[in-house]
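Beneath this line is the structure, given in structure tokens, with notes to follow.
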There are 2 protein chains.
Amino acid sequence: MRECFELQDTDAGGRLGELTVPRAGVTVETPALLPVINPNLDTISPRRLADEFGAEILITNSYIIYNTDDVRERALSEGLHDMFDFPGAIMTDSGSFQLSEYGEITVTTEEILQFQADIGSDIGTPVDIPTPPDVSRERAAEELETTKDRLEIADGVDVGDMLINAPVQGSTHPDLREAAARHADSTGLDVFPVGAVVPLMNDYRYDDMIDVVAAAKRGLGADAPVHLFGAGHPMMFALAVAMGCDLFDSAAYALYARDDRYLTVRGTQHLEDIEYFPCSCPVCSTHEPADVRALPDQQREETLAAHNLHVTFGEIRRIKQAIRAGNLLELVEQRARAHPTMLDGYRTLLDHADQLEASDPVSKGAFFYTSHESARRPEVLRHRRRLERLSVPDSLFLTEGDGDGPAEYDDSWRVKPPFGPFPRALSKSYPLTAEVPTRVDRGALEAAAAGITRLVESNPDSEFGVGHLDWPAGALEALPDSVETIDLTESHRS
Amino acid sequence: MRECFELQDTDAGGRLGELTVPRAGVTVETPALLPVINPNLDTISPRRLADEFGAEILITNSYIIYNTDDVRERALSEGLHDMFDFPGAIMTDSGSFQLSEYGEITVTTEEILQFQADIGSDIGTPVDIPTPPDVSRERAAEELETTKDRLEIADGVDVGDMLINAPVQGSTHPDLREAAARHADSTGLDVFPVGAVVPLMNDYRYDDMIDVVAAAKRGLGADAPVHLFGAGHPMMFALAVAMGCDLFDSAAYALYARDDRYLTVRGTQHLEDIEYFPCSCPVCSTHEPADVRALPDQQREETLAAHNLHVTFGEIRRIKQAIRAGNLLELVEQRARAHPTMLDGYRTLLDHADQLEASDPVSKGAFFYTSHESARRPEVLRHRRRLERLSVPDSLFLTEGDGDGPAEYDDSWRVKPPFGPFPRALSKSYPLTAEVPTRVDRGALEAAAAGITRLVESNPDSEFGVGHLDWPAGALEALPDSVETIDLTESHRS
Ligand SMILES: [Mg+2]
Ligand SMILES: [Mg+2]
Ligand SMILES: [Zn+2]
Ligand SMILES: [Zn+2]
């Protein structure tokens, strides 16, 4: 068991956890948001991030510090904690991105980690190769070998109790991401950033982002804290958490503020387009948009950054509460409607329902069916699998109605879309207590039909009948031919 | 044109408007939330409601005032505005609900309106009969006659420049609601509460609520301000606004706070179940749940009431901004995932797409396809209708591909789910600029098929071909038999 990370609760692939950062002497609750601090610019001071917004951890770039003489000297003499006046944990990035964009690496992995340790970083990062999406398998595999070498070197460096990031690369090749994750997990390193996803975010490729994270998660143990590196828009936090991400970093709060952009969980808006602040944060409940527009540049930037942070940290709390209450996927259902590409992301998340099912609790508060997509949730899949293991009599009537059905059947079970059939004794157990809409959709009916099919195929020697309420042809056609079907609509109404 | 209400903008059935309240000398922006003030209890003072939360109008109960000796005397001598120290508009309810529950009416319509005028109400209410849902048509019709009589009496009363509410009753009988609305609209009365919907809200019958509002709206002119009377949960504001409601009143913010209940746009939570405040309001960004739980009763109630108000007014601002930006239905898409009954409500709203289409702007910012339900939006319906009016050549190829299709066709049009076909010249015009997910669903495909069918049936003398990308059998079967179909998947990929 990795000592620095302890899971407190799970929901789908999402986790509430505690990341212990020994060098800082603090424990960070996850999911956590790491505000990015640019050592040369200071929109909102780190002290204010801690005191006013509750930031427990932040991230800054060791490459920028290394390359700015006066900052480097201050960092080396005072240490990052005093220099920033920040009481929580501080993670440093190695600047892999800058190095890969702008220059050659002139320092060794040992040197760069030692420098991070020297300036007082609590979690350091080796220089990996951030292979972008969509490159050839050859290039991704080759660059991954370099990243692996660096991780192995990092694993051998003695930097005291500083934790070390083990970035997971592999571009958009799922097998490479999975192998990279398995390798990273096998080292003694501590935190696992899923790297080079920023280009996917920039192009709204939330479906591909989910596939990348899913692949990385398959290679990592449940005790591995996962950082979605460079992803800071609150719109997609819930989705990424549901796939198993624990840490996010946001430069967006400050960068967007500089451009008069206003973050919301429904997307980004420009200040000039806002007539009413769609938010109840301390900024938006005390300012009018026109007043903020009239502020001098620096004050306007700071005001917008404060709103952006309130929204961002509010969403992190909302996600934590959702995991605790067991309704994270209900939150994702809503966030998936923020943009068509978020819907693609959610549909892709559900492609991995099988993987999510492994960590999803057997019982939660309530399952809410709130879209066609709900029919593909891991709980539905789990129930369908469970059907294979239930014993059935020689003949069984499966019915949406309240009655027992025709007398020739030995017994009757209930059918509830999207789950399908189950013995009545299970009616009160999760997820069969689900709240479902009155207006049943085809997604739910076809999932129920798949459940019936699973039960019938698992019990080839039993006879089955199905009593349904006005199912359309498509759902009925999905049932095995051997099943007798009866439309109960008339008798049910009377 | 009704002088007191002016529309500024519309989106689906939702409206931004200005309600001029002459007696208060103020203009109230709608959609508006009227906090309910109990003259005997004071969780948050009216002055604080105005200054801290931006309340422009509140509502109080004239029956309680009338029946509480000292309050009545103060109200008569000082007037409500001074008594409450409230600078905005004040609406008074007549106490129809209390009267119908607890007693006989001992005063006339004239007297009760005169009393409201005497205490300084800006918008008064006659005593109507709040017929509950699900009663027989006979009872609903009979009680409606009494309500109509009262409205006609109210119309003749001289109460200076006090506006008067004209409640619309009719239980769950759409034809009676519509007739009631038409009658109310024909009087000289000013504001139109849709009455007796609280039992529907209490039972989460958002589908029936929408049907009731839709019926009332059919009987009312566009210049009629509509009040969804007794509906104060922010979860359903966007849905109700999209159907055409302009005013809401909230007793919930205070009543719920008294029971340690915490409002969110995703539903209600109990304080004891909250480990992380899922909110960024001034209360939640400065308090921990455990600290609020530890507060003395009165302070805890006030703290929760403040949160409840922040969420409620924040949602009103979000809705106003959505109407301005033209993405109200995108907001409803998200709110519809708060609870399965809200999904029922949204699906019912889309049953009235035809009615919504009448007020929906021809052009808006962007159409986001974010669920199967999006395929039933009024914009899709409008495009389908427009197809009847477009002229087509003798033979026309309708294609999801980029090319022109087979040479034997005179021309080719584009096909874009969920809209269906259109001449390429329209590609850049709303709603055909829609953002759609990469993963097209059956809702979108079948809507596109319906569009094609409409075009084909409107042009029986033309020949049509359809080039599609891997449509499933269900969508293809929805096309007319006369249409030649070609799957372009292979050629498209190459
Ligand atoms: Mg849990
Ligand atoms: Mg507009
Ligand atoms: Zn804000
Ligand atoms: Zn709050």
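Residue numbering restarts at 1 for every chain, and letters A, B, ... go by the order of the sequence lines.
With a 4.5 angstrom heavy-atom cutoff, B:E373 touches chain A only via side-chain atoms. Residue A:L309 does not touch chain B at all, counting heavy-atom pairs closer than 4.5 Å. Interface remark: A:E29 contributes side-chain atoms only to the contact with chain B (heavy atom separation under 4.5 Å). If you measure heavy-atom distances from B:T341 to chain A, you find no contacts under 4.5 Å at all. Heavy atoms of A:L331 lying under 4.5 Å from chain B belong to its backbone as well as its side chain.
Considering every non-hydrogen atom in both A:E315 and A:P234, the closest pair reads CG-O, 3.7 Å. Here the closest heavy-atom approach between residue B:I210 and residue B:G345 is recorded as CG1-O, 3.8 Å.
Of the listed residues A:T286, A:V311, A:L343, the one with more heavy-atom pairs under 4.5 angstrom with chain B than any other is A:L343. Interface summary for chain B: among A:R347, A:E275, A:H310, the most heavy-atom pairs under 4.5 angstrom belong to A:R347. Between chain A and the options B:A336, B:A322, B:G474, B:A338, the largest number of non-hydrogen pairs under 4.5 Å is found for B:A338. Top candidate by heavy-atom pairs under 4.5 Å with chain A, chosen from B:N327, B:D207, B:T370, is B:T370. Options B:P340, B:A473, B:G314 differ in how many heavy-atom pairs under 4.5 Å they form with chain A, and the most are formed by B:P340. Most heavy-atom pairs under 4.5 Å with chain A, from the set B:F53, B:Y369, B:Y204, B:F368: that is B:F368. By number of non-hydrogen pairs under 4.5 angstrom with chain A, the leading residue of B:V283, B:I319, B:T348 is B:T348.
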For residues 265-273 of chain B, please give each side-chain donor-acceptor pair under 3.5 Å, one per line with the distance, not counting sequence neighbours.
| residue | atom | partner | partner atom | Å |
| --- | --- | --- | --- | --- |
| B:T268 | OG1 | B:H233 | NE2 | 2.8 |
| B:Q269 | OE1 | A:Q321 | NE2 | 3.4 |

Extract all donor-acceptor atom pairs below 3.5 Å that involve side chains of residues 430-438 of chain B and protein atoms in other chains or at least two apart in sequence.
| residue | atom | partner | partner atom | Å |
| --- | --- | --- | --- | --- |
| B:Y430 | OH | B:E379 | OE2 | 3.1 |
| B:T438 | OG1 | A:D344 | OD2 | 3.2 |

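Between B:R318 and A:S280, the side chains place no donor N or O within less than 3.5 Å of an acceptor N or O (distance only, hydrogens not considered). Under 3.5 Å, the side chains of B:R337 and B:S371 contain a donor-acceptor pair of N or O atoms. Checking B:E333 against B:S374 by side-chain atom types alone, a donor-acceptor pair falls below 3.5 Å.
In this structure, A:H287 has its ring center no closer than 6.0 Å to that of A:F277.
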